[in-house]
Amino acid sequence: MMSTSRKRTLDDDLYDESPKHLRGGGGGGYGDDGDDLFNDDDLFEDNLVDHDGPPEPADDVEEDIAFGDITDAHRSRWTRPAVPSSVWKTSENDLNLQWLDIDMIGGSPLAANPNKNKKVLGASSGTVPIIRLYGVNETGNSVAVFIHGFTAYGYFALPRGYEVDGSDGNLGKIRSILEENLRAKLGSQFDKGDNTSNGETPMACLGVTCLSNKQSIMGYDPSHTKFLKVYVAMPGMIPKLKTIMEEGITLPGITNANGQEVRESMIFQPYECNVPYVMRYMIDRDVTGASWLSLPKGTYHLRKNESEKGTHCQIEADICFNEIIPRKPEGEWAKVAPLRILSFDIECQGRKGYFPEAEHDPVIQIANSLSVYGESKGPIVQNVFTLGGCLPIVGAQVISSNTEEDMLLKWRTFLHASDADIFTGYNVQNFDIPYLLDRAAALWKKKDSKLRIFTQWGRVKNCQTRKRETMFQSSAYGRRTNTETTIEGRVIFDMLPYMQRNHKLSSYSLNSVCAEFLSQQKEDVHHSIISDLQNGSDADRHRLAVYCLKDAILPQRLMDKLSVLINYVEMARVTGVPVSFLISRGQQIKVFSMILRKCRDVNLLVPTLKKSGSGGDEGYEGATVLDPIKSYYEIPIATLDFASLYPSIMQAYNLCYSTMLSPQEAAKTDPSMFKRSENGHNFVHSNVKKGILPIILEELLAARKRAKKDMKNAPTEFEKAVQNGRQLALKVSANSVYGFTGAGVGQLPCVPIASSVTSYGRFLLEKTKSYVEEHYTQAHGYEHNAQVVYGDTDSVMVKFGTKTVADTFPLAIEAAKKCSDLFPNPIELEFEKVYYPYLLMNKKRYAGLMWTQIEKYDYMDTKGLETVRRDNCALVREVIQTSLDKIIIERNVPGAIEYVKSQIADLLQNKMDISRLVITKSLNKGAEYALGLGGKAEDYKVKQAHVELAARMRKRDPGSAPQMGDRVPYVIITAAKGAANFEKAEDPIYVLENNIPIDSKWYLTNQLSNPLTRIFEPIIDNVEKSLLQGDHTRKIFIPTPTAKKGSLMMFAHKKATCMGCKASIGVDEGNLCKYCLPKEAEIYLGKLAVLKEAELRYAHLWSEAQRIHGTLHTDIMCTGDGCACQFYRRKKVQADIRLAQEQVDRFGR
DNA sequence: CGGAACACCTAA
DNA sequence: TGAGTTAGGTGTTCCG
Ligand SMILES: Nc1ccn([C@H]2C[C@H](O)[C@@H](COP(=O)(O)OP(=O)(O)OP(=O)(O)O)O2)c(=O)n1
């Protein structure tokens, strides 16, 4: 880097009269308060020479190893469009990009501002933070922007009434003291980073200003209105500075409320010290996630020589932070750039019966699908890198290698050339990526340059991709690996966690997810035969490659079909956070980001609170759930529902940190200025001071409204569902604003706000109920007295007494309007739907035929019942669902009874497909101890079936056993009388393989009985007798208890036959009779062939999810078409394999 | 044997 | 600075 000729002095002249105005040297000086600090006309000699012309051709440096079979034809398909020559005319053209990823590094200060009339802000020596932002321009070129001069800082409040001498001299003294303290805390860390090449001594604390135009967000009349703003050299120093300030320090020139100088140590409350540096930049410069940015002509420099460039991006710019123009995502800037998405999948050659381990097992294929956002013609490249030859695949490039090393390196070349913005796949984060990295480490020596080259997946030159394992101290059983990987400049967007987060499914295997959303199954290759295919012919490997390719294509299709990208882009723009935060973080960061942005607009500051030490802060009261009048209603029940209840409460009553009054303050305040909430907290009206949270909610709800409109206009059912997901996500974000205030462990908890919201909610619900019941009465001229039969949080279910849907609608519409009129804006009660008929079973449990229009019902809506719970087996879900359908839709109670009886008979006679008996439950905290993954014994208090099973499976095969967070599938098997439930659970696969009998009686008494009783109870007499004890329960098939494990094996020993001619032979005689013995080899090979063939047949029927252990099993048994015959076919083939295997095994003895 | 405690999942 | 909230039903285990 070039060094500057500028000279900056740091200690003097930090301030002029206006205290917030920082000038010259030390400070940051950025548009904190809207003014640029270096706005005097200093001109600098310009060290940078901009020639407006294209760069020299990039000679591909050390990075790429040439492979003859990667041709120019390949490359031209892979690479991004060429950079238009206009881009290089930096003084004539703006550079526009949509950014996706952002990070930060320490580096040297920029020597000179490319905008020749301006200085570079920030520190001019030492290590400074540089923000790297990665994105794509309209043409589809990759762009990296190095953003310079933005300095990290924090605020520190003076206690109420205190003043600080804001003279340059005094603030300079404060800076020196802080400098000293910081250095003491930093120790040698800081000195090492010294860069004194320009003769200046780098500082830790760059400057101090004092501000009186800002105030704390906490309260209507906050105690903190005066702040020191302290700039530091590197973001990492902020926590240390914060510690110094909150532990107490003596600073000069500070006077207390009585005007006396404070000479002893004082504590300063930190503000906004918990804002990550890159977010600090985004907030201060109004840069929102995934938005468009413009680098105005003449303000930026493009790095043209390869030697000058730090990344592999096509375009690389340097600019000062305050030059970039953020574009509001409206009009032309609402678009999405042609982003490149790379979806990939690897196959490994595991040893039989073991989960692949990178230490030993090679990667044999890597399939890729590269697509461009907005490109309607589908993926632009599909290819497979194979180890060993492979027949051509139509529509895909096949690139074969003789060694695994070559294959990996070729793939790396592809990675580099295709230069994707987004990396996707299925479980790539926890399997493919760590596996490739581990494998590389196993293949190459640490110093091997090939290792270094291979692991460069990111956009930053010479930057190796490393995984960080959030390792858990695992004692006996080994690795619980939650891997995190950063690939500089690219966003890793794994579709598996996305699905787990956004869709409630009982299996998340790629196969079942695709069946659900793409109506598409993939070709199945069971992992046990991958090895055989790999060792086979080019045609075998072709089959594997096709399968592998499909696994690479499907995640990308999923992403496309579910509009994942555009929805995340919208969310990033609305909430302001980078897309990567949406993937890896929760709701808090979104709300926090929005709060900080809005606060900045109105000069409020957010305190950095200490973690509430003692942990268990008391909870608060939530919503009311009205006692249900349980019944089967055969007349219409109308549902009235508040629209976005909690958000609208916060808006209507102006609930916010910044509007709250303490009881003492309230006593001194004009009562017309504020309102006391239902539970005794006081908030001023919005005309006095508008709260931050209501403003945020307004925007979120506006975005939700747009989503709802799009949902209404969606052309297809599927698109409607996608828009519904988007709408729901925005609703959750809005509700999370409320949740944020009540979050015990959070950045800014404020229970008074949260509890005020819920208390208003309780009040509104009660009010609505009583209004409806008091107004819609015969006394008021209505035909019936209305009754609220149920209500939960924000809804009332009203029985108006009307007999038809058509008669109910007008009453419900009117009631909704009249209630809305009772409440302040924007609180609104909506008439949403009528249930007719309506089965109300309990709080949070009901079903009903839903009508949103008079002409026709929509569908049967079910809440909380077994049918919507994933911890029930399919049998229960289906039986209950069908019964409800028959009762509620068909109104055919006898039919329902018949159906149930036949199902019970089937169950008891063991005719039930085992897949319908599989129960799945997720493995949560507390199970850690049982699995031997650490955790404390006292956290595992109650033994559970699925946990005990998972622990046993772990002992059988740690590699394929369920992991924490996975759903564990199990069935209940027969066991000794009185055995506890948790002892009777078994892995369905194990049950199948070993022919273990299922306890079908248990399914009747413990799974079906209660739910059925509850449903039929209000409808028929004596459920016990007629459903659960009839003749249909007499014929019980008791499976032979002898059919225990290894039965075939034992059989073979007792009564052996010659495997060649089936003649009887003695048990100890070996496998063949004396006549067949000479042909031993031939017979063995013949048996081996039978085994192979059986395996192939089996694999063909076997749906698999190689990497998602926990959900593997349900898939095997459930094809989605629910065909029992498929199941039996599989079972038969499975038995064939076992027989064949055992025959082969006999030769081994 | 009965009820408290716990675990899971869902409604809102 | 990792983590929005509370209410509630249901089934199982644990403990006296
Ligand atoms: N995930 C959720 C869902 C709901 N709620 C709270 C806040 C909501 O305002 C209230 C009512 O929930 P609804 O599900 O009825 O949703 P809304 O009323 O917010 O939206 P809608 O307009 O869809 O009714 O419950 C919540 O805190 N978190």
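Computed from a predicted structure; not experimentally measured. Sequence lines set the chain letters: A, B, ... in the order given, protein chains first and strands last, and positions in each chain run from 1.
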Q: Map A:Leu609 and A:Gln587 onto DNA chain C by nearest heavy atom, then report which one ends up closer to the 5' terminus.
A: A:Leu609

Q. Excluding sequence neighbours, so at least two apart, what forms salt bridge (charged side-chain N to carboxylate O under 4.0 Å, His left out) with A:Glu878?
A. A:Arg916

(Q) In whole Å, measure the gap between the P atoms of C:dG4 and B:dA12 for me. (A) 22 Å

Q: For A:Asn274, answer base if it contacts any base atom (sugar-phosphate contacts may also be present), sugar-phosphate if it contacts only those atoms, and nothing otherwise; contact means non-hydrogen atoms under 4.0 Å.
A: base

Q | Sugar-phosphate, base or nothing in reach of A:Tyr646, heavy atoms under 4.0 Å | A | nothing

Q: Determine the contact category for A:Arg1014: base if any of its heavy atoms lies under 4.0 Å from a base atom, sugar-phosphate if only primed atoms, P, OP1 or OP2 are that close, otherwise nothing.
A: sugar-phosphate

Q) Which part of the nucleic acid does A:Val745 contact within heavy-atom distance under 4.0 Å: base, sugar-phosphate only, or nothing? A) base

(Q) Please enumerate all residues that pass salt bridge (charged side-chain N to carboxylate O under 4.0 Å, His left out) together with A:Lys767, with sequence neighbours excluded. (A) none

(Q) Restricting to side-chain hydrogen bond (donor to acceptor under 3.5 Å, both in side chains), what partner residues turn up for A:Gln1007, sequence neighbours left out? (A) none

Q.
What contact category does A:Ala743 fall into here, base, sugar-phosphate, or nothing, at under 4.0 angstrom with non-hydrogen atoms?
A. sugar-phosphate

Q | Pair A:Arg704, A:Ser644: side-chain N/O donor-acceptor within cut-off below 3.5 Å | A | yes

Q) How does each nucleotide of nucleotides 3-11 of chain B score, in 5' to 3' order, for protein heavy atoms under 4.0 Å: base (B), sugar-phosphate only (S), or none (-)? A) ---SSBBSB

(Q) Going 5' to 3' along DNA chain C, which are the first and last nucleotides with any atom under 4.0 Å from a heavy atom of chain A? (A) C:dT1 to C:dC14

Q: Tell me, please, which residues at least two apart from A:Tyr632 pass ring pair (Phe, Tyr, Trp, His ring centres under 6.0 Å).
A: none

(Q) Which residues pass the salt bridge (charged side-chain N to carboxylate O under 4.0 Å, His left out) test with A:Asp103, not counting sequence neighbours? (A) A:Arg132

Q.
Under the rule for ring pair (Phe, Tyr, Trp, His ring centres under 6.0 Å), what residues qualify as partners of A:Tyr653, not counting sequence neighbours?
A. A:Tyr760

Q | Set of residues satisfying side-chain hydrogen bond (donor to acceptor under 3.5 Å, both in side chains) with respect to A:Thr485, sequence neighbours excluded | A | A:Gln429

Please tabulate, for the side chains in residues 840-847 of chain A, all donor-acceptor contacts under 3.5 angstrom to protein atoms that are two or more places apart in sequence or on a different chain.
residue: A:Lys844; atom: NZ; partner: A:Asp792; partner atom: OD1; Å: 3.4
residue: A:Lys844; atom: NZ; partner: A:Asp792; partner atom: OD2; Å: 2.7
residue: A:Arg845; atom: NH1; partner: A:Gly864; partner atom: O; Å: 3.1
residue: A:Arg845; atom: NH2; partner: A:Glu866; partner atom: OE1; Å: 3.2
residue: A:Arg845; atom: NH2; partner: A:Glu866; partner atom: OE2; Å: 3.0

Q.
Using a 4.0 Å heavy-atom cut-off, does A:Pro239 contact any base of the nucleic acid, only the sugar-phosphate backbone, or nothing at all?
A. sugar-phosphate

**Q.** Along DNA chain C (nearest heavy atom to each residue), the more 5'-positioned of A:Tyr620 and A:Phe982
**A.** A:Tyr620

(Q) Under the rule for side-chain hydrogen bond (donor to acceptor under 3.5 Å, both in side chains), what residues qualify as partners of A:Tyr835, not counting sequence neighbours? (A) A:Lys833, A:Asp861

Q. Using 30° and 60° as the class limits, which term best fits the ring planes of A:Tyr738 and A:Tyr646: parallel, tilted or perpendicular?
A. perpendicular

Q | Within residues 733-741 of chain A, residues whose heavy atoms come under 4.0 Å of DNA chain C | A | A:Asn735, A:Ser736, A:Tyr738, A:Gly739

(Q) Taking any heavy-atom pair under 4.0 Å as a contact, classify A:Glu621: base, sugar-phosphate, or nothing. (A) sugar-phosphate

